[in-house]
Amino acid sequence: RRVVKYWDRKLELFGATKAFKRTISIFDLEEEDCRALALGALRLLPYRDEAGRALVFRQSGHYPSSADSLSRLDWYMIHAATFDGEPTGIEIQKKGFCYISLIDIMGIPSKSNICNDIDSHNELEGGGGSLLSMSFTETVKYVKGINNDTLYALPMRPLSGMHGVVKNKWAFLLLEHVLEFIDKKYRSKLNIIYSDFDEEIGAVDFDARIETFLIDLSSYGIPPEIIPKQIGGGLDYSTTTFVRERLQKDLAMAGVDLTKNNQEWEKQLPNELKKLLQM
């Protein structure tokens, strides 16, 4: 049953031309996906936690505007972790992965109803605002989709943990609404650190909450030195570095000789990634 769900969902997200390839590469992403990727929405970290699980760093303020786009990024990260042809990939299929999240929403005007507020703001901003934040409707669609993907479709152990720190009031209010759509099996794996908020200036103790968050992560076998600097850790691992490394691995898996003329694969690379890599 999982195999059938895997191919059905992969076909839904990537289409027939891309879905039936051996694995998913960076060339299979859409421009919207790559725009969010270039901003830092998701990236697979180069280290594992003490239990050997893969770590994916997320910044919700840079999410794409559609649920399918974010789901494609999730699928790419998971395939990147598990289908590199390395022994660690097989281990990760057995041990699973964890999310580390900076939960943030920027640019939302102050109104009374957070759900309508976000949807109205995104309509005014042309779909995603300056930081591509999702609408509430698309957020719920995404949460339901990733629940089903990780529990019933993806060929690996379900999500092992979700660790996050909430940066501002809007993210806190949205998260309160979204949590009810998270599968009960995952709610016990949530480790969310909240900040105290002031109506005008937002989080008033964010630095202190980051310190608490890092201590919590250490207790889960994720030490500060493998946590990105954007969330208070010591790891300097930029989106550009991640994309360059993934591009090399994806091309190697496709059998492309990087010492030869690169024009053919460069033509296939999404424009947003060309801009990021200054190609």
Give a yes or no on whether K144 atom NZ has more than 12 heavy-atom contacts from other residues, nucleotides or ligands under 6.0 Å away. no
Above 12 or not: heavy atoms from other molecules or residues under 6.0 Å from NZ of K5? no
Ignoring hydrogens, what is the shortest heavy-atom contact between [X] and [Y]? Give both atom names and the distance.
{"X": "L73", "Y": "A36", "value": "CD1-CB, 4.1 Å"}
{"X": "Y220", "Y": "D49", "value": "O-OD2, 4.4 Å"}
{"X": "Y99", "Y": "D74", "value": "OH-OD1, 2.5 Å"}
{"X": "L214", "Y": "G233", "value": "CD2-N, 4.3 Å"}
{"X": "R72", "Y": "D33", "value": "NE-OD2, 2.7 Å"}
{"X": "F97", "Y": "R53", "value": "CA-CB, 4.2 Å"}

Whether the side chain of E30 engages the backbone of S69 through a donor-acceptor N/O pair (distance < 3.5 Å, no angle test) should be reported. no
S25 side chain to F27 main-chain N or O, any donor-acceptor pair under 3.5 Å? yes
To the closest 0.5 Å, what do you measure between [atom1] ([X]) and [atom2] ([Y])?
{"X": "I92", "Y": "R48", "atom1": "CD1", "atom2": "CZ", "result": "3.5 Å"}
{"X": "T150", "Y": "M162", "atom1": "OG1", "atom2": "CE", "result": "8.0 Å"}
{"X": "L154", "Y": "D149", "atom1": "CG", "atom2": "CG", "result": "5.5 Å"}
{"X": "S71", "Y": "E138", "atom1": "OG", "atom2": "CD", "result": "9.5 Å"}
{"X": "N148", "Y": "R9", "atom1": "CG", "atom2": "CZ", "result": "8.0 Å"}
{"X": "K274", "Y": "Q268", "atom1": "NZ", "atom2": "CD", "result": "9.5 Å"}

So if you build clusters from Ile, Leu, Val, Met, Phe, Trp, Tyr with side-chain heavy-atom gaps below 4.5 Å, do [X] and [Y] land together?
{"X": "I222", "Y": "I215", "answer": "no"}
{"X": "I100", "Y": "Y47", "answer": "yes"}
{"X": "V4", "Y": "Y152", "answer": "no"}

Quick one: are [X] and [Y] in side-chain contact, heavy atoms under 4.5 Å?
{"X": "D250", "Y": "Y76", "value": "yes"}
{"X": "T82", "Y": "T23", "value": "no"}
{"X": "I78", "Y": "V56", "value": "no"}
{"X": "E272", "Y": "L37", "value": "no"}
{"X": "V243", "Y": "C34", "value": "no"}

Would you sort out whether I227 and L55 count as a side-chain contact (heavy atoms from CB on, under 4.5 Å), showing the intermediate values? CA-CA 9 Å; I227 298 169; L55 301 172; over 6 Å; no
Return the orientation label for the H79 and W75 ring planes: parallel under 30°, perpendicular over 60°, tilted otherwise. parallel
Do the rings of Y237 and F242 sit parallel, tilted or perpendicular, given the 30° and 60° boundaries? perpendicular
With a 4.0 Å cut-off, would you call D28 and K10 a salt bridge? no
Charged N to carboxylate O under 4.0 angstrom, E245 versus R43? no
Trace of the side-chain contact (heavy atoms from CB on, under 4.5 Å) decision for K21 with F14: CA-CA 10 Å; K21 295 166 61 177; F14 292 92; over 6 Å; no
Run the side-chain contact (heavy atoms from CB on, under 4.5 Å) test on T240 and R244 for me, step by step, so that the C-alpha distance in whole Å, both residues' side-chain angles and the decisive distance to 0.1 Å come before the verdict. CA-CA 6 Å; T240 303; R244 287 189 186 280; 3.8 Å; yes
Answer yes if the side chains of E32 and S65 hold a donor-acceptor pair under 3.5 Å, and no otherwise. yes
Verdict with reasoning, L70 to K141, per side-chain contact (heavy atoms from CB on, under 4.5 Å): CA-CA 11 Å; L70 185 55; K141 178 184 175 182; over 6 Å; no
